[in-house]
Amino acid sequence: MRKLFLALSIIILMTVLYLAAINFNNIADINILSGANLAQISISANIAIYTICILIAGLLVGAGIVYMFLDATNERVKIYQRELEKTSISGTNSASKVEVLEAKIKTLEKAFNTVIDERTKLEMQIKDLNTTLDKLNKEN
């Protein structure tokens, strides 16, 4: 699509320059103001210069319109990039929170296993003490 518009632009530009070149010696009257209640103002101008002036004015207007759309698009891209950064930061933040929670869970599991081991040892000691007490009670 870009190539098509570029080709059309070049063809139109060449056509306008060709028309200006072949009408270089022609002069025309151009009315600036005319009407019933207005004073008539007209200028005699070379058609080639007039055509080139219209071409330059059209190029400036076109460039201004393109710049306006380009600036709006760039602003949208910047907003989208900020949103993307916020999303990636929050995603990274969430991932680090998950990692911290997993580490806490592992620590709690180790502590729980340690408590279970200590409980088992204490139960064994209680059984040993109970058997020792039973033996002492039987001897007495």
Side-chain angles (χ1 to χ4, degrees):
M1 196 66 165
R2 283 185 187 172
K3 290 181 181 180
L4 176 70
F5 281 125
L6 181 63
L8 285 174
S9 299
I10 291 172
I11 290 170
I12 291 171
L13 178 65
M14 296 304 270
T15 304
V16 169
L17 291 176
Y18 172 74
L19 289 174
I22 63 172
N23 288 307
F24 187 72
N25 292 326
N26 294 337
I27 295 177
D29 289 329
I30 301 168
N31 292 328
I32 296 175
L33 292 175
S34 67
N37 296 332
L38 298 173
Q40 184 171 348
I41 299 175
S42 64
I43 297 174
S44 293
N46 187 333
I47 291 179
I49 294 173
Y50 179 73
T51 305
I52 297 296
C53 289
I54 295 296
L55 175 68
I56 291 171
L59 288 173
L60 291 175
V61 168
I65 290 171
V66 167
Y67 178 75
M68 178 182 67
F69 284 116
L70 182 66
D71 190 44
T73 304
N74 286 340
E75 188 64 32
R76 285 190 207 133
V77 167
K78 287 179 185 176
I79 291 170
Y80 179 70
Q81 285 176 340
R82 280 188 229 124
E83 288 177 10
L84 243 150
E85 288 172 358
K86 286 179 185 176
T87 305
S88 68
I89 287 171
S90 67
T92 305
N93 195 9
S94 296
S96 62
K97 284 181 182 179
V98 167
E99 288 175 4
V100 168
L101 288 174
E102 286 176 350
K104 286 181 180 180
I105 289 171
K106 286 180 183 178
T107 304
L108 288 173
E109 285 175 347
K110 285 180 183 177
F112 183 71
N113 288 336
T114 304
V115 168
I116 289 175
D117 290 343
E118 289 294 322
R119 181 178 174 198
T120 307
K121 287 179 185 176
L122 288 174
E123 286 176 352
M124 295 296 280
Q125 286 177 355
I126 290 172
K127 284 181 184 178
D128 288 341
L129 288 173
N130 280 337
T131 26
T132 308
L133 274 175
D134 285 342
K135 283 181 184 179
L136 286 174
N137 284 336
K138 286 181 183 179
E139 287 177 7
N140 288 334

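Residue pairs meeting the side-chain hydrogen bond (donor to acceptor under 3.5 Å, both in side chains) criterion with at least one member in residues 64-77, sequence neighbours excluded, do not occur. Residue pairs meeting the side-chain hydrogen bond (donor to acceptor under 3.5 Å, both in side chains) criterion with at least one partner in residues 14-27, sequence neighbours excluded, are N23-N26.
From L4, atom CG reaches atom CZ of R2 across 13.0 Å, with rounding to the nearest 0.5 Å. In this structure, the separation between NZ on K135 and CG on N130 is 12.5 Å, given to the nearest 0.5 Å. The distance from the CD1 atom of I47 to the CD1 atom of I54 is 12.5 Å, given to the nearest 0.5 Å.
Listed by chain and number, the residues in a side chain to side chain contact (heavy atoms under 4.5 Å, CB included) with L122 are Q125 (sequence neighbours excluded). Scored by the side chain to side chain contact (heavy atoms under 4.5 Å, CB included) test, I49 finds N46, C53 as partners (sequence neighbours excluded). Applying the side chain to side chain contact (heavy atoms under 4.5 Å, CB included) criterion to L55, with sequence neighbours excluded, gives L13, V16, L17, L59. In this view, T132 satisfies the side chain to side chain donor-acceptor pair (under 3.5 Å) rule with no residue, not counting sequence neighbours.
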Solution key, residues 102-119 side-chain donor-acceptor pairs under 3.5 Å, sequence neighbours excluded:
from : atom 1 : to   : atom 2 : distance (Å)
T107 : OG1    : A103 : O      : 2.9
N113 : ND2    : E109 : O      : 3.4
T114 : OG1    : K110 : O      : 2.8
R119 : NE     : E123 : OE2    : 3.3

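As a member of the Ile/Leu/Val/Met/Phe/Trp/Tyr network built from side-chain separations under 4.5 Å, F24 groups with nothing else and remains a singleton. Cluster note: L84 groups with Y80 through ILVMFWY side-chain heavy atoms spaced under 4.5 Å, whether in direct contact or through intervening members. Within the hydrophobic cluster formed by Ile, Leu, Val, Met, Phe, Trp and Tyr side chains joined at under 4.5 Å, directly or through other members, I10 is accompanied by L6, M14. Taking Ile, Leu, Val, Met, Phe, Trp and Tyr as hydrophobic and joining them when side-chain heavy atoms fall under 4.5 Å apart, one finds M68 in a cluster with V61, I65, F69.
Closest approach of A48 and A20 over heavy atoms only: CB-O, 3.1 Å.
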